[in-house]
Amino acid sequence: MTAPWYRDLYAIGTLADARLVALRVMAAVGVPLIGGVALAHPAAGVAGGATALFVTLCDVGTTRATRVGTMLAGWIAIVAGGTLGHELATVPHGNEWVILASAMVAGWASGSQPGIAAVTRTLAVAAAAGAGMHSTDPDVLLAVAVGGASALAAAWMMWIASGLPAADNIIDWRAGVLRALAGADAGLRFTVCYAAAAAIALFAANALHVNDAYWATLVVLMVMRPEGIASLRLTLHYAVGTLAGVVAAAGVLHFVQDALALAVVATLVAASARVGLAVNPALGFMAFTISCCSSSTSS
């Protein structure tokens, strides 16, 4: 991977920083995920762990205040997207419509600024997950709140321990918002293709009677990018990592069936996902896939 924007976005720095990042993600994800499973609310635990992971991935900026603001925006996007998806899941074709709408927002803003792009993509992922899971566990919303708080607390503790944020991503929010509104570096063609691919993935998975069909949409939402040839290379890395993660997850599920043990495995693997993204996108997505498969199975 040679794209400098990718190195800048996911760079960690020293080995000591990598250890702190891994501990940070482990703490952020483990509190809601393992806690939810241990308290016999596995669906809520999965929702909380996923929230913590995605809020952590929204950690973009040059100052602590900016990074907290971006993570808070990602947290709000998860609540808004998940609620919208959940409420429209019972409406005829509601899944497809919410996915189309949220994916178009994410696609239009995907070339604007890393923080804004991360937040809008998180919105689309949460909407698809909310529509697909459609959980009836009343503690899911509480778990999402715990997951966001856990991610912020873990980030703050890491910043205190390291003295400085682990990454250095320059943000001009005014310029970023203007670029997002204008669909900069993405445009209508990518936006339409992005939204259509997400909806078609859901339709095809449903037509094939695949269990948890919304996962097909989540993969599309996570891997498609607007950066041309760099996007193609990155997508190939993501695809390889995802396939490898599915195979590895199948091996984990073959040997580990206990829900609490799976939650622990998912937490440990999630801790390596952020570090993996800094090394190679395939490694990051492999860890991300293993963690998601293991945690969702524990529910």
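Salt-bridge check for D59 with R64: failed, with every basic side-chain N at 4.0 Å or more from each acidic carboxylate O.
Residues W159 and V68 form a side-chain contact, since some pair of their non-hydrogen atoms from C-beta on lies under 4.5 Å apart. For the pair W75/T122, no side-chain contact is recorded, criterion being any heavy-atom separation below 4.5 Å from C-beta on. Between R67 and W156, the closest side-chain pair of non-hydrogen atoms is not below 4.5 Å. Contact of the L23 side chain with the M158 side chain is not registered, since no non-hydrogen atoms from C-beta on lie closer than 4.5 Å.
Residues L72 and V55 share a single hydrophobic cluster, defined by chaining ILVMFWY side chains whose heavy atoms lie under 4.5 Å apart. When the side chains of ILVMFWY residues are joined at heavy-atom separations under 4.5 Å, either directly or via intervening members, L260 and L268 end up in a single hydrophobic cluster. Hydrophobic clustering, with ILVMFWY side chains joined whenever heavy atoms are under 4.5 angstrom apart, groups V140 together with V37.
Side chain of S150 to main chain of V146: no donor-acceptor pair is present (N/O by atom type, distance under 3.5 Å, no hydrogens or angles). A donor-acceptor distance shorter than 3.5 angstrom exists from the side chain of R121 to the backbone of L221, with no hydrogens or angles considered. A donor-acceptor pair under 3.5 Å is absent between the side-chain atoms of T83 and the main chain of A80, judged by distance alone. At least one donor-acceptor pair under 3.5 Å links the side chain of D258 to the backbone N or O of A261. Using a distance-only test at 3.5 Å, with no hydrogens or angles considered, no donor-acceptor pair links the side chain of T51 to the main chain of G147. Between the W108 side chain and the L188 main chain, no donor and acceptor come within less than 3.5 Å of each other.
I116 contributes atom CD1, which lies 11.5 Å from atom OG of S110 (distance to the nearest 0.5 angstrom). In this structure, I34 CD1 and L262 CG are separated by 11.5 Å, a value rounded to the nearest 0.5 Å. Taking OG1 of T56 as the reference point, atom CE of M71 lies at 7.0 Å (rounded to 0.5 Å). In this structure, the separation between CZ on F203 and CG on N206 is 8.5 Å, given to the nearest 0.5 Å.
The shortest heavy-atom contact between V60 and G115 is CG1-N, 3.9 Å. In terms of heavy-atom proximity, V98 sits nearest to A127 at CG2-CB, 4.1 Å.
With L202 as the fixed residue, the side chain to side chain contact (heavy atoms under 4.5 Å, CB included) test singles out one of L100, T217, L218, V220: T217.
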